[in-house]
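Just so you know, these numbers come straight off a predicted model, no measurement behind them. Note: hydrogens, waters and symmetry copies are ignored here, and every other heavy atom, side chains too, is used.
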Amino acid sequence: QVQLVESGGGLVQAGGSLRLSCSASITGSPYVQIVHTMGWYRQAPGQQREMVALIDSSRRKQYEESVQGRFTVSRDRNTVFLQMNSLKSEDTAVYYCYVRRFSGDTFWGQGTQVTVSS
């Protein structure tokens with residue numbers, strides 16, 4: 001079992017910043033206590049869900065091209081952060097925390113709304 005707690009979403013003006021946080025709590029296994037990959041996807045109304053940023057257990061990172069240079073993903077064990085700077089209106093979406101365990105099982109947070117006003 002993996003429970004994800006997301007925080008940090010909200011309303012900001014264009015050019016502003018937000019910091020998202022997602023903490024994964026693992027229960028039911030005494031052996032695997034660190035998840036493989038954590039990160040963030042986002043989905044705007046009428047759009048496909050897209051990867052925003054991922055970081056694995058070796059702290060290797062991936063970014064969606066449009067956020068490269070503006071967003072920074074980091075993690076501390078099973079907590080992942082997304083520092084979002086220079087936010088644009090097109091960043092408006094529901095952001096979902098994503099977790100992939102070493103088993104390959106994946107988990108999703110409930111989503112946190114990020115709204116960037118112009």
Side-chain angles (χ1 to χ4, degrees):
Q1 174 78 323
V2 175
Q3 292 183 309
L4 305 179
V5 179
E6 302 161 319
S7 64
L11 173 65
V12 296
Q13 293 182 332
S17 298
L18 284 174
R19 179 177 166 88
L20 304 183
S21 176
C22 175
S23 182
S25 178
I26 301 174
T27 60
S29 174
Y31 302 108
V32 182
Q33 295 298 311
I34 300 176
V35 301
H36 187 284
T37 300
M38 303 188 74
W40 299 90
Y41 284 69
R42 68 186 180 188
Q43 187 168 22
Q47 303 292 322
Q48 298 279 159
R49 187 173 296 187
E50 66 178 358
M51 185 273 290
V52 179
L54 298 173
I55 181 168
D56 67 16
S57 58
S58 298
R59 288 176 166 76
R60 291 174 292 191
K61 302 173 182 179
Q62 301 178 58
Y63 293 100
E64 194 275 324
E65 184 176 354
S66 70
V67 310
Q68 183 75 48
R70 299 188 296 120
F71 292 7
T72 301
V73 65
S74 61
R75 72 183 284 177
D76 178 18
R77 286 191 160 266
N78 289 334
T79 300
V80 63
F81 306 93
L82 185 66
Q83 180 66 46
M84 304 185 292
N85 297 328
S86 301
L87 283 161
K88 305 174 180 179
S89 60
E90 51 262 47
D91 295 317
T92 295
V94 177
Y95 284 68
Y96 295 92
C97 182
Y98 167 86
V99 166
R100 177 179 177 270
R101 300 196 68 181
F102 283 93
S103 66
D105 291 344
T106 59
F107 303 87
W108 296 94
Q110 64 181 349
T112 183
Q113 178 71 46
V114 171
T115 302
V116 184
S117 64
S118 59

What heavy-atom pair brings Cys97 and Val80 nearest, and what distance separates the two atoms? SG-CG1, 4.1 Å
Please tell me whether Met51 and Trp108 are part of a single hydrophobic cluster in this structure, the criterion being side-chain heavy atoms less than 4.5 Å apart. yes
For the residue pair Leu82 and Ala53, what are the closest heavy atoms and their distance? CD1-CB, 3.9 Å
Atom CD of Glu90: over 12 foreign heavy atoms under 6.0 Å: yes
At their closest point, which heavy atom of Val114 faces which heavy atom of Gly9, and how far apart are they? CG2-CA, 4.2 Å
Quick check: closest heavy atoms across Ala93 and Ala44, and the distance to 0.1 Å? CB-N, 3.9 Å
Parallel under 30°, tilted from 30 to 60°, perpendicular over 60°: which one fits the rings of Tyr95 and Phe71? tilted
Nearest 0.5 Å, please: how far is CG in Leu87 from OG in Ser117? 10.0 Å
Once rounded to the nearest 0.5 Å, what's the spacing between atom NZ of Lys61 and atom CG of Leu54? 12.0 Å
Report, as yes or no, whether the 6.0 Å neighbourhood of atom CD on Gln13 holds more than 12 heavy atoms from other residues, nucleotides or ligands. no
Scanning both residues in full, the closest heavy-atom pair of Arg42 with Ser66 reads NH2-OG, 3.4 Å
Going only through I, L, V, M, F, W and Y residues with side-chain contacts under 4.5 Å, is there a path from Tyr96 to Met84? no
I need the Gln1 CD to Ser25 OG distance, nearest 0.5 Å. 9.0 Å
Enter the distance from Arg75:CZ to Ser23:OG here, rounded to the nearest 0.5 Å. 11.0 Å
What closest approach, in Å, do Val52 and Val67 show between heavy atoms, and which atom pair accounts for it? O-CG2, 3.7 Å
Could you check whether atom CD of Gln68 has more than 12 heavy atoms from other residues, nucleotides or ligands sitting under 6.0 Å from it? yes
Do the ring centers of Trp40 and Tyr98 come within less than 6.0 Å of each other? no
Would Ile26 and Arg101 satisfy side-chain contact (heavy atoms from CB on, under 4.5 Å), going step by step from the backbone distance to the final call? CA-CA 10 Å; Ile26 301 174; Arg101 300 196 68 181; 3.5 Å; yes
Any donor-acceptor pair under 3.5 Å linking the side chain of Glu6 with the backbone of Gly111? yes
State, yes or no, whether a side-chain contact exists between Asp91 and Arg70 at a heavy-atom distance under 4.5 Å. yes
Linking I/L/V/M/F/W/Y whenever their side-chain heavy atoms sit closer than 4.5 Å, directly or via other members, would Phe107 and Val94 fall into one cluster? no
Have Thr37 and Asp56 got a donor and an acceptor in their side chains that come within less than 3.5 Å? no
Does any N or O in the side chain of Thr115 come within less than 3.5 Å of the main-chain N or O of Thr92, such that one atom is a donor and the other an acceptor? no
Given Ser17 and Val12, is the side-chain contact (heavy atoms from CB on, under 4.5 Å) satisfied, shown in steps? CA-CA 7 Å; Ser17 298; Val12 296; over 6 Å; no
Look up atom CZ in Phe81 and atom OG1 in Thr72, then write down how far apart they are to the nearest 0.5 Å. 13.0 Å
Which distance, rounded to the nearest 0.5 Å, do you find between the CE of Met38 and the CG of Asp76? 10.5 Å
Would you say Leu20 and Leu4 are hydrophobically clustered, going by side-chain heavy atoms of ILVMFWY under 4.5 Å? yes
